[in-house]
Chemist: 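Following this message is one structure expressed as structure tokens.
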Amino acid sequence: MKNPSEFSTLVKRIKAEVENGNLIALPPNDDGFQEEFHLVPNKAPWPDIVLNYFKCSNCNTGFKLFADTYHGSSKNGWYCCK
């Protein structure tokens, strides 16, 4: 993700996959950064840090969504967590 528009598109796509049952949004950890994914807005303003975990409903592969929306980061993105 290189800009807010790309992040917005990604959030909307992940929400659609959760709604379709292809992804399962995992409950947030009590770390002060995570919140329920359905509470993440589709467009700005976002929390300073967005951190959510998911798993594929078919193969149980794990995924992570991370974004430092305040400072930006080269680590922003959608990652596979094996």
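This is a predicted model, so every value here is computed, not measured.
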Chemist: Show, in sequence, the C-alpha distance, side-chain angles and deciding distance for L51 and K64, and conclude whether the side chain to side chain contact (heavy atoms under 4.5 Å, CB included) test is met.
Modeler: CA-CA 7 Å; L51 176 61; K64 175 174 96 171; 3.8 Å; yes
Chemist: Closest approach of P27 and Q34, non-hydrogen atoms and distance?
Modeler: O-OE1, 4.4 Å
Chemist: For residues S74 and Y79, report the shortest heavy-atom separation together with the two atoms involved.
Modeler: O-OH, 4.2 Å
Chemist: With respect to V50, which candidate in N76, V11, T69 satisfies the side-chain contact (heavy atoms from CB on, under 4.5 Å) definition?
Modeler: T69
Chemist: Can you name the nearest heavy-atom pair linking E35 to P47, along with the distance?
Modeler: OE2-CG, 3.3 Å
Chemist: Nearest heavy-atom pair of F63 and C80: which atoms, and what distance?
Modeler: CD2-CA, 3.9 Å
Chemist: Between S57 (side chain) and G21 (backbone), is there a donor-acceptor pair under 3.5 Å?
Modeler: yes
Chemist: Does anything in residues 5-21 pair up under side-chain hydrogen bond (donor to acceptor under 3.5 Å, both in side chains), and if so which pairs, sequence neighbours excluded?
Modeler: K15-N42, E17-N22
Chemist: Applying side-chain hydrogen bond (donor to acceptor under 3.5 Å, both in side chains) as the test, list every pair that has at least one member in residues 43-56; sequence neighbours left out.
Modeler: none
Chemist: Other residues, nucleotides and ligands only: do more than 12 of their heavy atoms fall within 6.0 Å of OH on Y70?
Modeler: no
Chemist: Quick check, are the ring centers of W78 and F54 under 6.0 angstrom apart?
Modeler: yes
Chemist: Is there side-chain contact between F37 and L26, with heavy atoms separated by less than 4.5 Å?
Modeler: no
